[in-house]
There are 2 protein chains.
Amino acid sequence: MRRAATVYMYFPQRPSAIYDVRVLIELDHASSTPLYEQVAAAIRREIAEGALRGGDELPSARTLAGALGINLHTVLRALRVLRDEGILDIHHGRTARVVAGASADQALFHQALGAAAAHGRRLGLSAEDAARYLTQAYGT
Amino acid sequence: MRRAATVYMYFPQRPSAIYDVRVLIELDHASSTPLYEQVAAAIRREIAEGALRGGDELPSARTLAGALGINLHTVLRALRVLRDEGILDIHHGRTARVVAGASADQALFHQALGAAAAHGRRLGLSAEDAARYLTQAYGT
DNA sequence: CGCACTGTTCTATTTCATATAGAACAGTGT
DNA sequence: ACACTGTTCTATATGAAATAGAACAGTGCG
């Protein structure tokens with residue numbers, strides 16, 4: 001869950017209103033994990049939390065890049081990662097959509113897999129060995 | 001689990017003997033994970049599997065570097081990583097030793113695997129599919 | 001159709017972690 | 001004393017990540 005903050009700011013278009021702002025994506029340029037991975041993880045989390053649902057349209061890559069203050073190509077790389085995971089549906093002239101079947105569960109699954117893979121790598125286990133252990137854990 | 005191989009080789013110092021060789025550390029120069037992390041992971045695994053126990057002495061960094069065909073500084077960096085994790089005890093003129101208490105990593109790994117398996121089952125994924133996704137998440 | 005969007009592809013450049021190399025230094029134990 | 005150990009220093013080569021800009025090609029809408 002992302003922290004929500006009540007922000008006091010004056011919007012000329014909509015005066016006399018106070019908004020509860022939820023941080024959707026927050027990047028850490030100092031982190032060792034690549035920016036494109038951070039973006040992909042953020043979108044996965046949004047899907048997992050239900051903020052993004054199947055069929056939902058994402059903002060264009062250029063829009064995201066502008067809002068996040070990062071390069072277009074960095075965003076596109078993140079989108080491609082999610083496409084390869086079957087989470088996003090990307091076509092040429094259209095904007096990216098969340099795959100219908102890509103429920104919150106699928107995003108959570110990939111999130112859990114990523115954590116498990118990280119632990120496995122830390123232990124020096126090969127991908128094959130980790131996969132074998134997962135199959136074993138499945139049977140339980 | 002590391003594969004064990006029976007190797008046929010003639011040692012003049014010890015003739016008439018066949019050895020069962022277990023690969024302790026194997027590096028992949030093409031991998032995206034840094035060499036020093038691979039070395040650290042290998043040592044973590046040896047500890048997790050009981051091949052290295054608390055108080056055990058490691059070979060000198062120069063010896064390891066020579067045997068692995070990598071640079072001294074790369075090995076030293078791996079050792080420093082493990083020292084910062086409280087796994088190794090390193091002092092100036094002495095060779096590194098394994099700290100007495102070590103490794104909840106393996107438990108964490110299996111814990112993460114269990115969570116991933118639970119999610120996979122919830123999605124109706126087969127064990128084979130989940131294992132395939134894990135291999136993909138591993139990335140190499 | 002015309003137009004403004006979309007993602008795609010290409011070349012180039014900058015930056016930084018990784019890895020290498022070699023030398024000199026300083027602590028440890030026999 | 002001596003042969004080992006890790007430590008520290010400078011230097012260089014390499015590749016991934018990120019940026020930048022341009023041109024290309026598909027989509028949807030008035």
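Every chain is numbered from 1 and lettered A, B, ... according to where its sequence line falls, protein lines coming before strand lines. Just the heavy atoms: all of them, side chains too, but no hydrogens, waters or symmetry mates, feed the values below.
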Problem set entry | Under-4.0 Å salt bridge between A:Arg44 and A:Glu85 | yes
For this session: Could you tell me whether the side chain of B:Glu57 and the main chain of B:Ala96 form a donor-acceptor pair under 3.5 Å?
Result: no
Exercise. Under 3.5 Å, side chain of B:Glu37 to main-chain N/O of B:Ala78, donor-acceptor pair present?
Worked result: no
Exercise. A:Leu27 versus A:Ile25: any side-chain heavy-atom pair under 4.5 Å?
Worked result: yes
Exercise. So, does A:Asp56 use its side chain to make a donor-acceptor pair with the main chain of A:Arg53 at under 3.5 Å?
Worked result: yes
Problem set entry | Any donor-acceptor pair under 3.5 Å from B:Arg97 side chain to B:Asp89 backbone | no
Problem set entry | Angle of first-five versus last-five pair axes in the helix from C:dC1-D:dG30 to C:dT30-D:dA1, to 10 degrees | 30°
Exercise. Expressed in angstrom and rounded to an integer, what is the separation of B:Leu27 atom CG from C:dA19 atom C1'?
Worked result: 12 Å
For this session: Mind checking side-chain hydrogen bond (donor to acceptor under 3.5 Å, both in side chains) for B:Arg132 and listing every partner two or more places apart, or none if nothing turns up?
Result: B:Asp129
Exercise. Would one find a side-chain N or O of A:Asn71 under 4.0 angstrom from OP1 or OP2 of D:dA18?
Worked result: no
Problem set entry | Greater than 12 external heavy atoms within 6.0 Å of B:Tyr36's OH | yes
Seminar exercise, completed: Expected string for nucleotides 2-18 of chain C under the B/S/- scheme (protein heavy atoms, under 4.0 Å, primed atoms plus P, OP1, OP2 as sugar-phosphate) is ----BBBBB-------S
